[in-house]
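Have a look at the structure below before the remarks.
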2 protein chains.
Amino acid sequence: MPQKTHSKRAEILRAVKELLWERGYEAMSPRDVLDRSGAGQGSLYHHFPGKVELACVALNEMAAEERAAVDVLFAPDRKPLDRIYAYLNRERDALRGCRLARLANESVMENLELRKPVKRFLEHIIDRLRSSLEEAQFDGDLLPDFEAAEVATTLLAVVEGGFVLARTHWDANRMKQALGGATQLLRIAERKAR
Amino acid sequence: MPQKTHSKRAEILRAVKELLWERGYEAMSPRDVLDRSGAGQGSLYHHFPGKVELACVALNEMAAEERAAVDVLFAPDRKPLDRIYAYLNRERDALRGCRLARLANESVMENLELRKPVKRFLEHIIDRLRSSLEEAQFDGDLLPDFEAAEVATTLLAVVEGGFVLARTHWDANRMKQALGGATQLLRIAERKAR
DNA sequence: GTCTATAGAAGGATAGAC
DNA sequence: GTCTATCCTTCTATAGAC
């Protein structure tokens, strides 16, 4: 049963993935899901035990999609620094917030099963950033005297914080400024390495 | 009428300020406020037209308190770089999230009146960071060839993103790592200036 | 598998006594 | 100003027919 056509099941999941990004978990009601998917009450509760499990399946799919999109940016044939700047400068709709980490402040993040996909997504990015930083240091393109793991966390924090600033100021430029400052700091660690 | 003892009014506001930090706006119900403050329905709706105005007054008070706390860290008698590190390393309960910016992803941030206090709070910090960075550059303690305004935004983003990472990983150390990486990048811009 | 109808609880606000 | 009682809507889930 898991993988057939599942017309209504698939449409429900599609709607949930949209709504989780647009409104978050608590502000998304089962009724909203039904309205957007065109399914009836019965379909939803036939395929999923309840709202939590519904969100859990959707979040895991979203996280997998986003991890794959990130991996494209970190293609191994690119130079390490190019991968990092490709990630920082990737196109983002800053006002929409991070598709997964937007849930960070909802009480539902206290549920391990719902937090896990978000966590895996963020860990995946940190891991890609860290190894790229290490390679750049090894190649002599970046100063070797900083902790790649910490700076990787910093760069991800700049992106996630950039979403917060953009939304609060209702101005996508705040994300660009945050990333611009990070780039300038990295450039200094670059020039000094040469 | 605005400023007398207002026993119940004050207790209601105290409760709202706590709940906004703990749960955010949407997850805070008027009933929660009454339970925690010990007030009755009538008191709440006597002093405030509704939930939105209640949150608005509370948020403005919270923002004023936090701006004052930030100003202590940026005391003018400190050296510019010391102010910046004092802000970065200030004590934070990372798992609780930012007292104001935790609301960034709630739909209520589309309401200008509610967004304004949060925005003012963040702008205040960026302003303090920017002028301290500029002074440090002028004093020759930091490289002069980066945009202080952009790096100021970056540093605030690291803090706000640090909250997001800490909450998602349910590990306050993520905040420390994000700040540690930012510090290492700043140190490079410091050493090079000498 | 999908639907409509319904239920129990919580959210947000009002009425009116004191 | 403060209280309790009440109201209407929305949320989340269940029942049961097709």
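For the numbers below, each heavy atom of this structure counts, side chains included, while hydrogens, waters and symmetry mates do not. Lettering of chains follows the sequences in order, A, B, ..., and the numbering in each one begins at 1.
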Remaining members of V72(A)'s ILVMFWY cluster at a side-chain heavy-atom cut-off under 4.5 Å?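 The other cluster members (ILVMFWY side chains, heavy atoms under 4.5 Å, direct or chained): none.
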Each residue besides V164(B) in its hydrophobic cluster should be listed here, by chain and number; the cluster joins Ile, Leu, Val, Met, Phe, Trp and Tyr at side-chain heavy-atom distances under 4.5 Å. V164(A)
What's the verdict on side-chain hydrogen bond (donor to acceptor under 3.5 Å, both in side chains) for E150(A) and Q184(B), showing C-alpha distance, side-chain angles and the deciding distance? CA-CA 9 Å; E150(A) 293 211 331; Q184(B) 293 185 52; 2.8 Å; yes
Send over the distance from [X] [atom1] to [N] [atom2], rounded to a whole Å.
| X | N | atom1 | atom2 | value |
| --- | --- | --- | --- | --- |
| H46(A) | dA15(D) | NE2 | P | 16 Å |
| F48(A) | dT12(D) | CZ | P | 16 Å |
| K8(A) | dG1(C) | NZ | C1' | 10 Å |
| L54(A) | dC11(D) | CG | P | 15 Å |
| H47(A) | dC3(C) | NE2 | C1' | 12 Å |
| I12(B) | dT2(D) | CD1 | C1' | 10 Å |
| L34(A) | dT2(C) | CG | P | 12 Å |

Any residue meeting side-chain hydrogen bond (donor to acceptor under 3.5 Å, both in side chains) with Q137(B), in chain and number order, not counting sequence neighbours: none
Mind checking side-chain hydrogen bond (donor to acceptor under 3.5 Å, both in side chains) for Y85(A) and listing every partner two or more places apart, or none if nothing turns up?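 Once residues adjacent in sequence are excluded, the partners of Y85(A) under the side-chain hydrogen bond (donor to acceptor under 3.5 Å, both in side chains) criterion are E190(A).
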Base contacts versus sugar-phosphate-only contacts with protein, heavy atoms under 4.0 Å: please encode nucleotides 11-18 of chain C as B, S and - from 5' to 3'. SSBB----
Does a side-chain N or O from S7(B) land closer than 4.0 Å to OP1 or OP2 of dG1(D), or not?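 For S7(B), the contact criterion (side-chain N or O under 4.0 Å from OP1 or OP2 of dG1(D)) is not met.
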Residue pairs passing the ring-ring contact (aromatic ring centres under 6.0 Å, His included) test with at least one member in residues 114-154 of chain A, sequence neighbours excluded, are none
